[in-house]
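Just so it is clear, the model here is predicted, and its values are computed rather than measured. Here is the naming used below: chain letters follow the sequence lines, and residue numbers restart at 1 for every chain.
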Amino acid sequence: MHHSPDQGIIDNIMEYQFRDIERKWQERWKDQGTYRVTNDPGRPKCYVLDMFPYPSGAGLHVGHPLGYIASDIYSRYKRLKGFNVLHPMGYDSFGLPAEQYAIEHGIPPAVSTENNIRNFRAQLDRIGFCYDWSREVRTSDASYYRWTQWIFLELFGSWFDRQAGKARRIAELTAIFEQEGNASYVCPGDRTLRFSAAEWISFDARRREDILMDYRLAYCGYGEVNWCEALGTVLANDEVVNGVSERGGHPVVRKKLRQWYLRITEYADRLLEGLQTVEFSESMKEMQSNWIGKSYGAEIDFKLKGGDAHIRVYTTRPDTIFGVDFLVIAPEHPLVPHLITDSHRTTAEAYLEYVNSRSERERMAEKKISGAFTGSHCLHPFTGQPIPVWISEYVLAGYGTGAIMAVPCGDERDHKFAQHFGLPVTNIIGSYYDGTEANPTKDAVLQHSDFLDGMVMRDAMAVVLDRLEAEGCGKRHVNYKMRDAAFSRQRYWGEPFPIVWKDGIAVPLPADQLPVELPPLDELHPGPGGEGPLANLPDWKHYEGGVREVNTMPGYAGSSWYFLRYMDPGNDAEFCSRAASDYWGQVDIYVGGTEHAVGHLLYSRMWTKVLFDLGHIGFDEPFRRLVNQGKIGGDSRIAYRIRGTHQFVSAGLKDAYETDEIHVDVSMVDGVVLDTEAFRNWRPDLLDATFLLEDGVYRCGNRLEKMSKRYHNVVNPDEVVERYGADTFRMYEMFLGPVEQDKPWDTKGIEGVHRFLKKLWRMFMHEERGLIVSQESPTDAEWKALYKMIRKIEEDTERFSFNTSVSQFMIGLNELYDLKCQKISILEQFLIVLSPYAPHMCEELWQATGHSGSILDQPWPAVEERYLVETSKAYPVAVNGRTRMEMTISLQATQAEVEAIVLADPSVQKWLEGKTPKKVVYVPNRMINIVV
RNA sequence: GCCCCGGUGGUGGAAUCGGUAGACACGCAGGACUUAAAAUCCUGUUCGCCGCAACGCGAGUGCGGGUUCGACCCCCGCCCGGGGCACCA
């Protein structure tokens, strides 16, 4: 079986006993504070950060540590390179699951969270990470969320000056209002609001506060939520299925509730521009800029036929204005009630009711076309032609103006809508439109387009915009897809707001009254009217003649700034001292999953910009470089039960039967071969299972799926570490493939990495004779093997290509092994470069070979180039691009010399078959190609 | 529907700038050591063909075209898989 220390074979201490070694060094590193980091302005810094986890009750599976191992290796590497490395870890410990768990099991969130963190920590510790745990942060600790609340107040106390392009204090805004009113500073919450200085001074306190609220970066407004009356609570989009709550199946409707928001839209341009200054993958930048969704177009007013009102649409294609066949407005559009005529009331209102029962997500996923005619018409701004106005859920109230001009010949959805309802389609693009499918081209020459006739569409754009503006029926407009971020939750387990409502005014608490602590609460019932559970605590709620805000902040509040707190975690006078943030600065490398591509990254980028604008920190992008680790998938094993029986048929034979699939726990399978005994004992209903074997064994099918309990394909890192050791586990996770790539977990391949470590051990240690390293001077060949390896490891580690660096270690060791090299001056350098990957073993061998001090603080070896100089190369020689042979030629050879050497070769002559070569392509140090 | 990322041996993957496709491993096959096993070591391993081997030939990086002396890599058109989404006008 596998190596076990319990056998007590004392004379085997020279064997690689990873369990003892790893335990020993983990304790020693802890005792000696090896990973403690100080803010030392005299040394170059490097800040390596993992996205901190939500401590879920399920614990870690083998996929979680992937990014942590990568960043750990990088941190250790940078330390060897002489950097002062900040590499902290903490917990994003507020969140919905703990609250749900409390409701179901009666365990307070604070307690279950504490337990989960303890488990997480134990699991992390076994893998040997170099975190400085003295800097740990937890978003649910009052000492932490005190500063989350403080930053919220900074947001609340600021507005965005569009002229300066930055946040400023509200006090400066009121000073401006007193001087000149708001003429120069458009109100972002209400574009039409205008007042003079005199008017401002005449407003009462309530009016002034309402106006200021429309400017604040953190503000209170009204927004639609998924409201479930039966549960008395608000539901997330994914808790709503087919218009009813996932839990209980109760009806869910859209309802307006008071909500806090962050005015992130004011930062849209800065968030876009900032992308050019950071190293994120192109796809990541693209996702963010798609989310921000800046577009240039026009707002155009369509007058209502027989009324004064008009419908304002937003379009990015004003050049298609003469192709408008109908207008579509969102069901929530405020004009809808005025537009519905009596003759169409029944169908239109039935449609509105149907839409109201659907969550936003469902409406977005809907492929069926639906809508209703209002009975009203608008007039075309240029021709005066009447245009029917329809309602449809495919137009969203929150985007643009909530109304569109439909041009079916140029827009796919408009076209489908027109076809579905039998509406006529005007063709303004001639042969570009084939009558069956819309064509969104900008290259067509316009027809049936009045004063635009004969123009190419992309040129017509400016012409029509000028005309719209001249006639006052429209104007150029820059639009953003991004909406302000909802910042309140009707929940308990989150940061309380430091806000007290008095006479309808939100009064911020002074900073010295922070934190507003989350009060203990035994039972987590929703409060009345959709408020959170905190509303059920009258003593807490009523405060200083007002009522506290009883909603709490969302999950992303604490995670938007945690990277700053690590720099100065114990500070109870500031969120982070300026000295600390000036020293550590931006996160040099940030490692985490793509699932946070838009949410978390955009929010923390915004918070950083605000803190920068207000002078609290000296940089306005938090993360200089971002690496997204891929997900590790589970490789499920599947057994096939013949339908209606207890007989299972092996994968190769299953096609002859009608079968049902059963997910088999991966621990009962060796490769794909099922341990049928273990399977029978797995569950009572399988006790009498019988098996149809092939080649004497039962083979399972396999399928790559999400690693999850319900597929029985979860592999726990603890088990792997117990069996092979942390060093093997670390290296194997890296060896699996590129960090960024999604990949399946298969424990089988781990043997190779484990053998590598054992083989390295044996380079130092003989089973009986003990240490066998020699003091002899190495040969040139040995130096060359070593330095070739070190150079490659260095390159690969810098570019986060850890799978190739692991293979390079194997290549290097194989070469030294073939050279029978046991020389200490070679091997000690090998240990240093390997130590970021396999720290426990390297530390042990470092000590065993008589070194004092930790290997973690050695300098990274300098590659001596002279051992790597090559004088000749074995060139591939190709004839017409097909490689035919290999010839060793001096690297100094000129084109003419190479031609002469190559063409004189008899086997080259054979391939030429007497023909004269047209030319010889010679790329020095690459290849030679003879073209015939 | 839209956006993004992928597709290379039996498996994970390598090829960093357009230059020897399959590094390094796993697995498998054969051998050595051993009473036996474990461990370790050695050899072979993309596919097909020439009876075996050597030598050699042909095909080959999802499919079909193209550019190039030369394409896993660049371009055009498809197919398949995975992920994301706020149907973005």
Fill in the blank from the handout: What one should report as the nearest heavy-atom pair of A:Met457 and A:Thr320 is CE-CG2, 3.7 Å
Problem - A:Glu795 side chain to A:Ser801 backbone, donor-acceptor under 3.5 Å - result: no
Exercise for the section: Please state whether the phosphate of B:A21, meaning OP1 or OP2, lies under 4.0 angstrom from any side-chain nitrogen or oxygen of A:Thr883. Expected result: yes
Handout entry: B:U61 to B:G56 separation - C1' atoms, rounded to the nearest Å
Key = 24 Å
Distances under 3.5 Å between nitrogen or oxygen atoms of protein and nucleotides 57-60 of chain B:
residue: B:G58; atom: OP2; partner: A:Arg884; partner atom: NH1; Å: 3.2

Fill in the blank from the handout: Classified by glycosidic angle (syn within 90° of 0, else anti), B:C17 comes out syn
Problem - Under 3.5 Å donor-acceptor, A:Lys743 side chain and A:Gln741 backbone - result: yes
Practice task
Determine the stems involving RNA chain B; a stem requires 3 or more consecutive pairs of the Watson-Crick or G-U wobble kind, each with both distances below 3.5 Å, and the answer is none if no such run exists.
Solution key: B:1-7 with B:79-85, B:10-12 with B:24-26, B:27-32 with B:40-45, B:46-49 with B:56-59, B:62-66 with B:74-78
Completion exercise
From CE of A:Met887 across to C1' of B:G19 the rounded distance in Å is 17 Å
Practice task
For B:G83 versus B:U46, give the span between their P atoms, rounded off to a whole number of Å.
Solution key: 33 Å
Practice task
May I have the distance from A:Ile793 (atom CD1) to B:C24 (atom P), rounded to whole angstrom?
Solution key: 14 Å
Exercise for the section: Return the value, rounded to whole Å, for the distance between atom NE2 of A:His754 and atom P of B:A38. Expected result: 16 Å
Completion exercise
A:Met810 has its side chain closest, among B:A89, B:C3, B:A25, to B:A25
Practice task
Check whether any side-chain nitrogen or oxygen of A:Lys758 sits under 4.0 Å from OP1 or OP2 of B:A39, and answer yes or no.
Solution key: no
Exercise for the section: With syn defined as a glycosidic angle within 90° of 0 and anti as everything else, classify B:G65. Expected result: anti
Handout entry: A:Tyr77 side chain to A:Glu798 side chain, donor-acceptor N/O pair below 3.5 angstrom
Key = yes
Practice task
Give a yes or no on whether the backbone of A:Gly592 and the side-chain of A:Asn628 come within a donor-acceptor separation of less than 3.5 Å.
Solution key: yes
Exercise for the section: Can you tell me the distance, in whole Å, between the NE2 atom of A:His766 and the P atom of B:C41? Expected result: 13 Å
Exercise for the section: Determine the contact category for A:Ala406: base if any of its heavy atoms lies under 4.0 Å from a base atom, sugar-phosphate if only primed atoms, P, OP1 or OP2 are that close, otherwise nothing. Expected result: nothing
Practice task
Using the P atom as the reference point in each nucleotide, state the distance between B:G70 and B:U20 in Å, no decimals.
Solution key: 15 Å
Handout entry: Any donor-acceptor N or O pair under 3.5 Å, side chains A:Tyr314, A:Ser295
Key = yes
Handout entry: Aromatic ring proximity, centroids under 6.0 angstrom, A:Phe326 and A:Phe417
Key = yes
Practice task
Figure out the CD/P separation between A:Glu286 and B:C5, and round it to whole Å.
Solution key: 6 Å
Problem - Validation row: A:Ile928, A:Met887 side chains within 4.5 angstrom (heavy atoms) - result: no
Practice task
Over all heavy atoms of both residues, which pair between A:Asn880 and A:Val931 is shortest? Give the atoms and the distance, please.
Solution key: OD1-CA, 3.6 Å
Handout entry: Side-chain N,O (A:Arg926) to OP1/OP2 (B:C17) below 4.0 Å
Key = no
Handout entry: Polar contact flag, side-chain donor to acceptor under 3.5 angstrom, A:Lys481-A:Asn290
Key = no
Problem - Sugar-phosphate only, base, or nothing, as touched by A:Met405 at under 4.0 Å among non-hydrogen atoms - result: nothing
Between the protein and nucleotides 26-32 of chain B, which nitrogen or oxygen pairs come in under 3.5 angstrom?
residue: B:C26; atom: OP1; partner: A:Arg755; partner atom: NH1; Å: 2.4

Exercise for the section: Measure from the side chain of A:Ile404, starting at C-beta and using heavy atoms only, and say which of B:A89, B:C41, B:C3 lies closest. Expected result: B:A89
Problem - Rounded interatomic separation in angstrom, taking NE2 from A:His420 and C1' from B:G1 - result: 16 Å
Problem - Separation of the P atoms in B:A15 and B:G27, to the nearest angstrom - result: 23 Å
Practice task
Using a heavy-atom cut-off of under 4.0 Å over every strand shown, decide if A:Phe809 touches base, sugar-phosphate, or nothing.
Solution key: nothing
Exercise for the section: Rounded to the nearest angstrom, tell me the gap between atom CE in A:Met765 and atom P in B:U40. Expected result: 18 Å
Handout entry: Contact summary for A:Tyr556 and A:Phe487, nearest pair of heavy atoms
Key = OH-CD1, 3.5 Å
Practice task
Work out which heavy atom in A:Glu733 is nearest to a heavy atom in A:Val62; give both atom names and the distance.
Solution key: OE2-O, 2.6 Å
Handout entry: Which residue lies more 5' along RNA chain B, comparing A:Lys631 with A:Ile811 via nearest heavy atoms
Key = A:Ile811
Problem - Heavy-atom side-chain proximity of A:Phe764 to A:Met841 below 4.5 angstrom - result: no
Exercise for the section: Pick base, sugar-phosphate or nothing for A:Tyr817, based on heavy-atom distances below 4.0 Å to the nucleic acid. Expected result: sugar-phosphate
Practice task
Mind checking A:Asn479 for me? I need base, sugar-phosphate or nothing, with any heavy atom below 4.0 Å counting as a touch.
Solution key: nothing
Handout entry: Distance-only side-chain donor-acceptor flag, A:Ser805 / A:Tyr837, under 3.5 Å
Key = yes
Handout entry: Ring-ring centroid check A:Phe322 A:His380, cutoff 6.0 Å
Key = yes
Handout entry: C1' spacing across the pair B:G13 / B:C3, given as an integer number of angstrom
Key = 28 Å
Practice task
Using the closest heavy atom to pick a nucleotide of RNA chain B for each, name whichever of A:Lys873 or A:Arg413 lands nearer the 5' end.
Solution key: A:Lys873
Problem - Pairwise side-chain contact, A:His333 with A:Ile391, heavy-atom cut-off 4.5 Å (strictly under) - result: no
Completion exercise
Its contact letters, B for base, S for sugar-phosphate only and - for none at protein heavy atoms under 4.0 Å, make nucleotides 69-76 of chain B read BS------
Handout entry: Proximity to the side chain of A:Leu396 - top-ranked nucleotide from B:C88, B:A89, B:C3
Key = B:C88
Completion exercise
Looking only at heavy atoms, the pair that brings A:Val389 and A:Cys378 closest together is CG2-SG, 3.8 Å
If you restrict it to nitrogen or oxygen atoms, what contacts under 3.5 Å exist between nucleotides 13-16 of chain B and the protein, and what is each distance?
residue: B:G13; atom: OP1; partner: A:Gln741; partner atom: NE2; Å: 3.1
residue: B:G13; atom: O3'; partner: A:Asn803; partner atom: ND2; Å: 3.3
residue: B:A14; atom: OP1; partner: A:Asn803; partner atom: ND2; Å: 2.8
residue: B:U16; atom: N3; partner: A:Arg799; partner atom: NH2; Å: 3.2
residue: B:U16; atom: O4; partner: A:Lys792; partner atom: NZ; Å: 2.0

Completion exercise
Looking only at heavy atoms, the pair that brings A:Pro917 and A:Ile930 closest together is CB-CG2, 3.7 Å
Handout entry: B:A71 and B:G66, which share atom name C1', separated by this distance in whole Å
Key = 11 Å
Problem - salt bridge (charged side-chain N to carboxylate O under 4.0 Å, His left out) against A:Lys788, all qualifying residues, sequence neighbours excluded - result: A:Glu815
Handout entry: Interatomic distance, A:Phe802 CZ vs B:G12 C1' [rounded to whole Å]
Key = 18 Å
Practice task
For B:C26 and B:C79, measure between their C1' atoms and round to the nearest Å.
Solution key: 30 Å
Problem - Span that lies between the P atom of B:G30 and that of B:A37, in whole angstrom - result: 14 Å
